[in-house]
Amino acid sequence: MAVLIIGTIRVPAGSLDRARPAMAMMVSASRAEAGCLAYNYAEDVLDPGLIHVVERWVDDAALRAHFLTPHVAAWRSAWPLLGISDRRLTRFLVDEGSPT
């Protein structure tokens with residue numbers, strides 16, 4: 001079973017330009033990790049500052065390893081400077097899925 005993480009974080013609308021490079025670094029570094037099947041951040045088109053998060057990992061071991069990487073530590077340490085809040089993520093165990 002793969003691990004799917006879906007949720008949101010909040011970035012103050014005035015901090016989005018400063019947050020984008022940090023988010024891009026996090027996405028790029030996470031996508032390069034062994035066990036990462038997908039890693040995406042997307043800005044909500046109707047709610048400025050609401051960032052949708054979608055991650056997919058081969059298993060829980062890959063997700064645990066992700067949490068121990070330097071880029072996760074750097075990302076989390078940037079949150080207070082960028083005003084990031086309201087982290088709401090949910091973990092799901094999923095099969096490989098199929099096209100609809």
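We're numbering straight along the sequence, starting at 1.
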Least distance between heavy atoms, A29 atom then H71 atom: CB-CG, 3.4 Å
Pairs under 3.5 angstrom only: tabulate donor-acceptor contacts from the side chains of residues 2-13 to other protein residues two or more places apart or in another chain.
from : atom 1 : to  : atom 2 : distance (Å)
R10  : NH1    : D47 : OD1    : 3.0
R10  : NH2    : D47 : OD2    : 3.1

Side-chain cluster (under 4.5 Å, hydrophobic types only) that V58 belongs to, other residues: L37
Test item: T69 side-chain N/O and H66 main-chain N/O as donor-acceptor pair under 3.5 Å: yes
Side-chain hydrophobic cluster, 4.5 Å single linkage: members besides V45: L46
Co-membership, hydrophobic cluster, residues L89 and L93, 4.5 Å side-chain: yes
Sub-4.5 Å side-chain heavy-atom contact between Y41 and H52: no
Joint cluster assignment, F92 & V54, ILVMFWY side-chain distance < 4.5 Å: yes
Euclidean distance, C36 SG relative to E55 CD, rounded to 0.5 Å: 7.5 Å
Enumerate, atom names and distances included, each donor-acceptor pair closer than 3.5 Å involving a side-chain atom of residues 76-84, sequence neighbours excluded.
from : atom 1 : to  : atom 2 : distance (Å)
S77  : OG     : A73 : O      : 3.4
S77  : OG     : A74 : O      : 2.8
W79  : NE1    : W75 : O      : 3.3

V27 and M25, any side-chain heavy atoms less than 4.5 Å apart: no
4.5 Å side-chain heavy-atom contact, R31 and N40: yes
Contacts of type salt bridge (charged side-chain N to carboxylate O under 4.0 Å, His left out), residue D60, not counting sequence neighbours: R91
Side chain to side chain donor-acceptor pair (under 3.5 Å) contacts touching residues 14-25 (sequence neighbours left out): S15-R18, D17-R20, R20-E43
W57-V94 co-clustered via ILVMFWY side chain contacts under 4.5 Å: no
Side chain to side chain contact (heavy atoms under 4.5 Å, CB included) evaluation trace for Y39 with E33: CA-CA 10 Å; Y39 200 98; E33 288 181 55; over 6 Å; no
Connected via hydrophobic side-chain network under 4.5 Å: M23 and L50: no
